[in-house]
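Presented below is the structure to which this report refers.
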Amino acid sequence: MIITKSKPKEVFLRSLEGFERVFIVGCGTCATLCQTGGEEEVDAVANLLGKRTCGKIVVETPCDIRVLRRDLSPHLDVVDAADVILALCCGSGAQAIGEFTGKIVIPGLDTLFVGETERIGRFYERCRACGDCIIHETGGICPIVRCAKGLLNGPCGGMANGKCEAGGHVRDCAWVMIYKRLEEQGIVERFKEIRKVRDRSKKAEPQELRMR
Amino acid sequence: MKSAYSDFMKALNDGKFVFTGEIEPKKTTRLEGIIGAAKTLKSHVVACNVTDNPRARAYLSSLVASYVIQKETGLETICHMTVRDRNRLALISDLLGASALGIRNVLVISGDHTTGGDNPGAMPVYDLDSTQFVQMVRGMVDRGIDLNGNAIEGEVRLHVGVVGNPNADPLEVEVCKVERKINAGAEFIQTQIVFDVDKAKRFVKELNSSVPILIGIFPCKSHRIAEFIVNKIPGIYVPREYIEGLKSAESFSNATESRNKIDTVNIDYFSELIKELKRTTRTAGIHIMTMGYESIVGKITDRVMEKVTR
Ligand code: SF4
Ligand code: SF4
């Protein structure tokens, strides 16, 4: 899931300064689960803006142009009359909204990471979409994200008592976790293998996938 | 055994017990400090390490400092290169530059994380990790090619070393990691500082390799520095008696006397530790970090090598 966090009220209110008619778009999927862009949050922001709110909607998946078209089309007159759209969804959704409507879009959320949900309000980054997944070599634990340095042959010298230097020895060191997991799986010799340099060109340019 | 490009490597190959020192360039454009420190160290160590933005602080370049030290004082250097601040392009150019300028030893370091440094908003690079850096150096030195197989004009004459941490817990993970770096082609190991001789002994014993190991030590100029290590570098055990020894040395009102006593505490403590390692393990030498307390180095090395102190 894409994990988002609401921008502080003062921040998006400042971005909205000078705009009179605001149309609010929420997200029915990830941002609803994060409680940042579902019905409730869209309503709350609409109330906050009061008369300046000229319309609001929760689109099932605003990052999908087809769904945006389907859900926004019945409201296009209101959208067209708006000065600005406030997007309560991830950055990908916010851009799709801008692309589809041609309107100025103000992000109401900060997009944080691709993560795992423990419970609502507890999310952990688990994947950085590196384009070359290797977690079968690392006991199912992603070192790109979970090692603060993204090392492929850790741990680094900052590990102490199994904890990670970054952030002051609070989080577990990913490479100690990987070692233990591989040990449990009976394949600890994999730990000793040298994992080769990554091909960063995979992420060096904007990514597109065109299969058809 | 491969031929040695450096005096440091030659001494290790010859089986000599080797001492290295360490110099930390600061956030400065002045060179007197590093040159002065190098002059103090010169007759007591085979080579001195030159740090590269330690603790993620943006300081004078290790490569420039290494070059200046060698040129001005003749002391051989072991130039640190962290993989934190430069991607593979920048690291390759620095390695070519180092070799061209007569620097013959590099020590690869992951580098303390940027968020703990003096420009915490910096991008942490880590394009390569230290193991991959070692592999890259091997390609450059042994086969004359860069990481992507591009040919290099002229020989690259460098020895590459890595760091190990005898204080690490769990130690078996650390040992596997260091062995991995050795398999990648590391030629020497310098360790994190150790105060506990048993930890050093265990590390040397557990490491299944004949690559020379230099154990790191850090004579403290005051008990405050020792306390700082206890509080700020987790995992490093500093014996209470050592700290108390420094404390009572500091209680002398006469400054010179107090300084001499502090020296004595350090000379006694570390020469015993070194002799013990020398006698009971295959430790190849000692890396002495000082951070401004360079004057102690010769006193410790003289004692260990049974020369008369003072
Ligand atoms: S290796 Fe990590 S960042 Fe890459 S795809 Fe797998 S989980 Fe994601
Ligand atoms: S302590 Fe472990 S998780 Fe943290 S940066 Fe070092 S290797 Fe990575």
Side-chain angles (χ1 to χ4, degrees), chain A residues 125 128 130 132 134 137-139 141-184 187-204, chain B residues 55-56 82-84 87-89 108-117 120 124-136 139 147-148 162-185 190-193 208 216 232-236:
Chain A
E125 185 175 19
R128 211 160 279 166
C130 74
D132 184 10
I134 49 149
E137 294 179 32
T138 54
I141 295 167
C142 170
I144 311 291
V145 169
R146 298 183 73 181
C147 167
K149 300 178 184 174
L151 308 177
L152 290 185
N153 296 286
C156 73
M159 180 274 287
N161 305 321
K163 300 286 181 186
C164 174
E165 148 200 314
H169 299 97
V170 178
R171 272 186 307 266
D172 289 333
C173 165
W175 279 99
V176 173
M177 288 196 279
I178 291 170
Y179 183 90
K180 288 187 183 152
R181 187 74 68 78
L182 290 171
E183 203 173 37
E184 282 159 24
I187 45 172
V188 77
E189 42 324 322
R190 297 223 68 172
F191 184 87
K192 297 177 191 165
E193 287 168 7
I194 299 175
R195 279 156 290 274
K196 294 257 155 48
V197 285
R198 306 225 90 196
D199 176 4
R200 310 278 181 192
S201 71
K202 290 199 165 90
K203 295 292 281 186
Chain B
R55 302 176 302 288
T82 86
V83 293
R84 176 195 54 224
N87 69 5
R88 65 192 78 180
L89 298 180
V108 59
I109 299 199
S110 300
D112 296 330
H113 199 274
T114 47
T115 51
V125 178
Y126 302 110
D127 179 19
L128 307 183
D129 62 30
S130 50
T131 310
Q132 296 162 344
F133 180 98
V134 172
Q135 285 186 311
M136 179 171 82
L147 195 57
N148 201 36
V162 296
V163 179
N165 185 3
N167 309 290
D169 177 23
L171 186 66
E172 66 271 25
V173 182
E174 177 71 12
V175 166
C176 282
K177 187 270 305 272
V178 176
E179 285 175 358
R180 207 200 270 131
K181 291 197 275 197
I182 293 168
N183 291 338
Q190 289 178 306
T191 77
Q192 170 64 291
I193 56 174
N208 185 18
K232 295 288 163 147
I233 316 180
I236 299 184

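So that the names make sense, note that chain A is the first sequence line, chain B the second, and so on, each numbered from 1. FYI, side chains are in, hydrogens and waters are out, and symmetry mates aren't considered; it's all heavy atoms of this structure.
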For L182(A) and G139(A), work out which heavy atoms get closest and say how close.
CD2-N, 3.6 Å
Determine whether I134(A) and R198(A) make a side-chain contact, defined as any pair of heavy atoms from C-beta on separated by less than 4.5 Å.
yes
Lys/Arg-Asp/Glu bridge criterion (N-O < 4.0 Å) met for K180(A), E183(A)
no
Which residue out of V173(B), N183(B), T131(B) racks up the most heavy-atom pairs below 4.5 Å with chain A?
V173(B)
Is F191(A) close to chain B through its backbone or its side chain, or both, or neither, when contacts mean heavy atoms under 4.5 Å?
both
Which atoms of L147(B) approach chain A - backbone, side chain, both or neither, heavy atom under 4.5 Å
side chain
Heavy-atom proximity to chain A below 4.5 Å, by part of D127(B)
both
Rounding to 0.5 Å, atoms CD (E189(A)) and NZ (K192(A)) come to a distance of 7.5 Å
Option in L151(A), V197(A), L152(A) with maximal non-hydrogen atom pairs under 4.5 Å from chain B
V197(A)
Shortest non-hydrogen contact between G157(A) and N165(B), atoms and distance
O-ND2, 4.0 Å
Over-ring placement of R195(A) relative to W175(A), 6.0 Å and 45° cut-offs:
no
Interface check, chain A: of R180(B), H113(B), Q135(B), Q132(B), most non-hydrogen pairs under 4.5 Å belong to R180(B)
The reported gap from NZ in K203(A) to SG in C130(A) (rounded to nearest 0.5 angstrom) is 7.5 Å
Could you look at D112(B) and say if it's the side chain, the backbone, both or neither that has a heavy atom under 4.5 Å from chain A?
both
Checked S110(B), G116(B), P170(B) vs chain A; the most non-hydrogen pairs under 4.5 Å come from P170(B)
Among the listed options G167(A), C164(A), G168(A), A148(A), the residue most often paired with chain B at heavy-atom distances under 4.5 Å:
A148(A)
Exercise: identify the closest heavy-atom pair between E165(A) and G158(A):
OE1-CA, 3.0 Å
Ion pair present between E193(A) and R190(A), side-chain N to carboxylate O less than 4.0 angstrom?
yes
Sort K196(A) into side chain, backbone, both or neither according to what part of it lies under 4.5 angstrom from a heavy atom of chain B.
both
Heavy-atom cut-off 4.5 Å, strictly under: side chain, backbone, both or neither for P124(B) against chain A?
neither
Name the option with the most non-hydrogen atom pairs under 4.5 Å to chain A; the candidates are D169(B), I109(B), I236(B).
D169(B)
What part of R84(B) lies closer than 4.5 angstrom to a heavy atom of chain A: side chain, backbone, both or neither?
neither
